[in-house]
Amino acid sequence: MSDVQHQPLWIADLARIVGERAIVLPGHEDFEKYTQDETENLRFCPQAVIRPENAIQIQQLVRLAEREHLPLVPRGGGTGLSGGALATRGGIVLSLERLNRILEIDEQNFFVTVEPGVITQTLQEAVEEKGLFYPPDPASRGSCTIGGNIAENAGGPRALKYGVTKDYVYGLKVVLSGGELATFGGKRLKDVSGYNMPQLFVGSEGTLGVVTEITLKLIALPRYRRTLLAPFDSIERAAAAVPDIMARGVLPCALEFLEQDCLKAIEAHRSMHVRFSDRAAVLLIEVDGNHETALDAEIEIIAEVLENFSAADCFIAETTAQQTEIWDLRRSAGEAVKSICAYKEEDTVVPRSRLPELVLGVHEICSRWGLRVICYGHAGDGNIHCNLLKSGLSDEKWEHELPEAISEIFRLTVSLGGTISGEHGIGHVQRRYLPIALSPAEIGVEQRLKTALDPLGIFNPGKALPD
Ligand SMILES: Cc1cc2nc3c(=O)[nH]c(=O)nc-3n(C[C@H](O)[C@H](O)[C@H](O)COP(=O)(O)OP(=O)(O)OC[C@H]3O[C@@H](n4cnc5c(N)ncnc54)[C@H](O)[C@@H]3O)c2cc1C
């Protein structure tokens, strides 16, 4: 702590709750990292950052924030892509990083109970050691937290077969308004005693309360997987192959799309040759299960479909090392594209049969607005990340015309039966576009819910909903 005479009086109360060493104020060497997340080009300074170590401290902090009318912004790994963990209205950033214990892996009932600050990959590796599987795998899994995944309802490549975070959340402890600690749900597969409260908090972006403990369902770890890369000579064909693969009764655990500019960006970023970077697009397809012969049969069916789309010269990974290499490249796509120049990432999602219309439509809109666009993402879910790059555009055009181009992309997405974010959330940056996806009545219901649960408006204000 520093500069005591200029500190607001409530800082001393914070210190009494969490101890001085758990408070990070402007000027502290750690302060800067809490002013940003992974959303492009944003920086907001909170008045203080606190790193509590248990739910009791968080209950007291909520009471203090309500008394002082201070925004309280929960923060996990800070990997969010919609500015959700940023103190856009000042106040206190509440980092959950010290609540990072795996409390119980229940091997009999297939549940794991964790604190919110556990890193997703750490949880996955811990349960895999016991032959269990927690499938949701955002590409950021090495640095994002389970608390952040719940608040954003995170997805990832495996969502196609295994679903997203919401499909695994069975119990939550949440600190609510007034500092009350509620336990919703638990280690039971069936529960209709009251509203489905855990799911209300999934995807609520820290705007309804602070999640302090989580019970997640696990499944048995599949023993084998087969990974394939299919090159295409047109983006349209790659997108069109996706529903056809599914129509043949095969359910891959991942079906990812990367267009050529994305492959080239990875090549440049990692200074290495990337397979099929001379082709218009690739699909990365993975199947998993417990019977190798069944997987081989599925790969044959997929290969037949791919042939119909002139994608015959596929690469099938033969070793675990080759599979890992393919996934490392896929996971580096975001970083690679973002390293090119100023950008804005959109997270469009449509029913997968409308994917070709979405991808071609986005390219058409961007070329009309003079924007360069690079698309990649979870094609099997119809969820494509469209990265709009500033490239040679003037600052003025970028600032004034970009929102118009984005609105057009979102209107197209909604007209195809889709919506404006599949997994990155609305947060701070997408609020202005929400009326494209939701009617005034729908937004009104969410606003009333917010007011009922957070009457003093302290939980992450200015996120997820328009004012
Ligand atoms: C390279 C890269 C790849 C990515 N790939 C994917 C992907 O494949 N799929 C995907 O879905 N996302 C992806 N993301 C986005 C991001 O990682 C996810 O949104 C993730 O769930 C955020 O987790 P976090 O712990 O970093 O949360 P933060 O960014 O810290 O916070 C996100 C939101 O959660 C709230 N929050 C955090 N903890 C709590 C809590 N305990 N209680 C209440 N609210 C809380 C915050 O207030 C904020 O609104 C990617 C990001 C990057 C940088």
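Index from 1, following the sequence. Atoms within each ligand, like the ligands themselves, are counted from 1 in listed order. Basis for what follows: all heavy atoms, side chains included, without hydrogens, waters or symmetry-related copies.
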Is there any N or O on [X] that sits under 3.5 Å from an N or O of ligand 1?
{"X": "Glu205", "result": "yes"}
{"X": "Asn149", "result": "yes"}
{"X": "Ala139", "result": "yes"}
{"X": "Gly76", "result": "yes"}
{"X": "Val211", "result": "yes"}
{"X": "Asp137", "result": "no"}
{"X": "Glu38", "result": "no"}
{"X": "Gly77", "result": "yes"}
{"X": "Arg75", "result": "no"}
{"X": "Leu96", "result": "no"}

Would you please say whether a donor-acceptor pair under 3.5 Å links the side chains of [X] and [Y]?
{"X": "His273", "Y": "Glu267", "result": "yes"}
{"X": "Glu286", "Y": "Thr227", "result": "yes"}
{"X": "Arg51", "Y": "Tyr34", "result": "yes"}
{"X": "Ser332", "Y": "Glu335", "result": "no"}

Protein heavy atom under 4.0 angstrom of atom 6 (C) of ligand 1, is there one?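 So far as the 4.0 Å threshold goes, atom 6 (C) of ligand 1 is in reach of a protein heavy atom.
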[atom]: which protein heavy atom is closest, and how many Å away?
{"atom": "atom 19 (O) of ligand 1", "result": "Glu152 CG, 3.5 Å"}
{"atom": "atom 28 (P) of ligand 1", "result": "Gly78 N, 3.6 Å"}
{"atom": "atom 27 (O) of ligand 1", "result": "Gly148 CA, 3.5 Å"}
{"atom": "atom 9 (N) of ligand 1", "result": "Glu423 OE2, 3.0 Å"}
{"atom": "atom 12 (N) of ligand 1", "result": "His424 CD2, 3.8 Å"}
{"atom": "atom 22 (C) of ligand 1", "result": "Thr79 OG1, 3.3 Å"}
{"atom": "atom 11 (O) of ligand 1", "result": "Gly155 N, 2.9 Å"}

Exercise. Is the closest side-chain heavy-atom distance between Leu96 and Ile58 below 4.5 Å?
Worked result: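 Yes - at least one pair of side-chain heavy atoms lies under 4.5 Å apart.
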_Quick one, Ile92 and Trp10 - any side-chain contact, counting heavy atoms below 4.5 Å?_
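Sidechains of Trp10 and Ile92: in contact.
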| said: Does the Lys NZ or Arg CZ of Lys217 fall within the cation-pi geometry relative to Tyr168 - under 6.0 Å from the ring centre and within 45° of the axis? | reply: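 Lys217 over Tyr168 ring: yes.
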Quick one, Glu205 with Lys463, criterion salt bridge (charged side-chain N to carboxylate O under 4.0 Å, His left out). Give me CA distance, side-chain angles, the key distance, then yes/no.
CA-CA 7 Å; Glu205 303 192 11; Lys463 307 288 168 54; over 6 Å; no
For [X] and [Y], I'd like to know if the aromatic rings sit close, meaning centre-to-centre distance below 6.0 Å.
{"X": "Tyr162", "Y": "Phe133", "result": "yes"}
{"X": "Phe257", "Y": "His378", "result": "no"}
{"X": "Phe276", "Y": "Phe315", "result": "no"}

Which heavy atom of [X] sits nearest to which heavy atom of [Y], and what is that distance?
{"X": "Ala241", "Y": "Leu283", "answer": "CB-CD1, 4.2 Å"}
{"X": "Pro252", "Y": "Val287", "answer": "CA-CG1, 3.9 Å"}
{"X": "Gly422", "Y": "Asp347", "answer": "N-OD2, 2.8 Å"}
{"X": "Pro403", "Y": "Arg432", "answer": "CB-NH2, 3.5 Å"}

Evaluate the side-chain contact (heavy atoms from CB on, under 4.5 Å) criterion for residues Arg67 and Ile458: first the C-alpha distance (whole Å), next the side-chain angles of each, then the deciding distance (0.1 Å), finally the verdict. CA-CA 10 Å; Arg67 189 191 75 204; Ile458 61 142; over 6 Å; no
So if I count the atoms of ligand 1 from 1 in the order they appear, which ones are less than 4.0 Å from some heavy atom of [X]?
{"X": "Asn460", "result": "47 (O), 49 (O)"}
{"X": "Ala151", "result": "34 (O), 35 (C), 36 (N), 44 (N), 45 (C)"}
{"X": "Gly80", "result": "26 (O), 29 (O)"}
{"X": "Gly209", "result": "43 (C)"}
{"X": "Thr145", "result": "24 (P), 25 (O)"}
{"X": "Gly84", "result": "47 (O), 48 (C), 49 (O)"}

Ligand 1 contact by [X], heavy-atom criterion under 4.0 angstrom:
{"X": "Gly334", "result": "no"}
{"X": "Asp37", "result": "no"}
{"X": "His378", "result": "yes"}
{"X": "Glu335", "result": "no"}
{"X": "Lys463", "result": "no"}
{"X": "Pro136", "result": "no"}

Using 30° and 60° as the class limits, which term best fits the ring planes of Phe44 and His428: parallel, tilted or perpendicular?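 Because their plane-to-plane angle is over 60°, the rings of Phe44 and His428 count as perpendicular.
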Nearest candidate to [atom], where distance is taken over non-hydrogen atoms, out of [options]:
{"atom": "atom 47 (O) of ligand 1", "options": "Gly206, Pro74, Ala154", "answer": "Pro74"}
{"atom": "atom 4 (C) of ligand 1", "options": "Ser140, Pro138, Gly203, Gly427", "answer": "Ser140"}
{"atom": "atom 31 (O) of ligand 1", "options": "Ser82, Ala85, Ala464", "answer": "Ala85"}

Check: Is any NZ, NE, NH1 or NH2 atom of the basic residue among Glu97 and Arg75 found under 4.0 Å from an Asp or Glu carboxylate oxygen of the other?
Finding: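 Between Arg75 and Glu97 there is no salt bridge, as every charged N stays at least 4.0 Å from the carboxylate O atoms.
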TODO: From the options Ile17, Leu14, Leu64, Val93, select the one residue that forms a side-chain contact (heavy atoms from CB on, under 4.5 Å) with Ile50.
DONE: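 Testing Ile50 for a side-chain contact (heavy atoms from CB on, under 4.5 Å) against Ile17, Leu14, Leu64, Val93 leaves exactly one candidate, Leu14.
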